[in-house]
Amino acid sequence: QSALTQPASVSGSPGQSITISCSGTSSDVGGYNYVSWYQQHPTKAPKLMIYDVNNRPSGVSNRFSGSKSGNTASLTISGLQAEDEADYYCSSYTISSTLVFGTGTKVTVL
Amino acid sequence: QVQLQESGPGLVKPSETLSLTCTVSGGSISSYYWSWIRQPAGKGLEWIGHIYTSGSTNYNPSLKSRVTMSIDTSKNQFFLKLSSVTVADTAVYYCATEGGGSYWGHRFDPWGQGTLVTVSS
């Protein structure tokens with residue numbers, strides 16, 4: 001199975017909004033609402049930020065939101081803060097009953 | 001709340017079998033899917049596979065020929081074996097659960113802290 005495609009890097013100034021895309025196929029992102037997003041700071045385990053396309057776990061800031069259109073999912077971070085600087089990964093369930101991660105995006109706060 | 005902890009040898013020789021254990025505390029392993037995920041240094045996340053409490057498994061096709069997962073509900077543990085390892089299998093290995101409480105979908109939460117496994121002679 002091929003990794004989902006994410007931009008290698010996205011940057012923004014504090015207070016701005018940024019969007020990270022996650023491109024797949026009708027066999028994964030487009031076919032299921034089991035798309036989730038993870039934030040990973042250096043040397044730390046990933047942290048769930050969004051699940052089932054647009055649901056936020058308790059404790060996650062409402063500055064994080066998710067959406068999906070066709071075979072592409074997106075994570076938007078609004079009101080960008082220094083602490084948001086991290087790597088972000090999407091994940092999706094697939095038609096083969098497996099899961100697949102995205103290639104990862106490094107978010108830089110300018 | 002549920003916590004996961006990986007354990008196992010930090011060094012494995014090439015061609016041998018990597019064996020890891022994930023111990024679950026604060027909740028029962030008798031429900032949901034339980035996953036293994038790895039991350040080579042400086043690289044992205046790779047899903048290795050998952051096991052359901054019944055013992056049914058699904059594996060990443062790229063690793064399927066070398067992976068075996070098992071579960072022991074009496075000990076609240078699940079296990080990973082990866083055979084014929086090479087230096088390319090050097091990575092931080094994480095365990096995670098895909099469900100919890102009333103959630104029965106496919107999201108990874110929580111995660112273990114991860115354990116570094118180095119393949120070297």
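All values below come from the heavy atoms of this structure, side chains included, with hydrogens, waters and symmetry mates left out. In what follows, chains are A, B, ... by sequence order, proteins preceding strands, each numbered from 1.
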Count I, L, V, M, F, W, Y as connected when their side-chain heavy atoms are under 4.5 Å apart, and connections chain through other members. Are [X] and [Y] then in the same cluster?
| X | Y | result |
| --- | --- | --- |
| A/L48 | A/Y88 | no |
| A/F101 | B/Y59 | no |
| A/F64 | A/V109 | yes |
| A/Y51 | B/Y94 | yes |
| B/L11 | B/L116 | no |

Neighbourhood of chain A inside residues 16-45 of chain B, taking heavy atoms under 4.5 Å as contact: B/I37, B/Q39, B/K43, B/G44, B/L45
Per-residue contacts, residues 98-111 of chain B versus chain A, heavy atoms under 4.5 Å: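 B/E98, B/Y103, B/G105, B/H106, B/R107, B/F108, B/D109, B/W111, listed by number.
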Quick one: what part of [X] sits under 4.5 Å from any heavy atom of chain B, side chain, backbone, both or neither?
| X | value |
| --- | --- |
| A/T98 | both |
| A/T94 | neither |
| A/Y38 | side chain |

Nearest heavy atoms of B/G112 and A/A45, plus distance in Å: O-CB, 3.5 Å
Crowding at CD, B/Q1 (>12 non-hydrogen neighbours, <6.0 Å):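 Count not over threshold, so no.
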Test item: B/W47 and A/V100 side chains (from C-beta on) under 4.5 Å apart, heavy atoms: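 Not touching, per the 4.5 Å side-chain cut-off.
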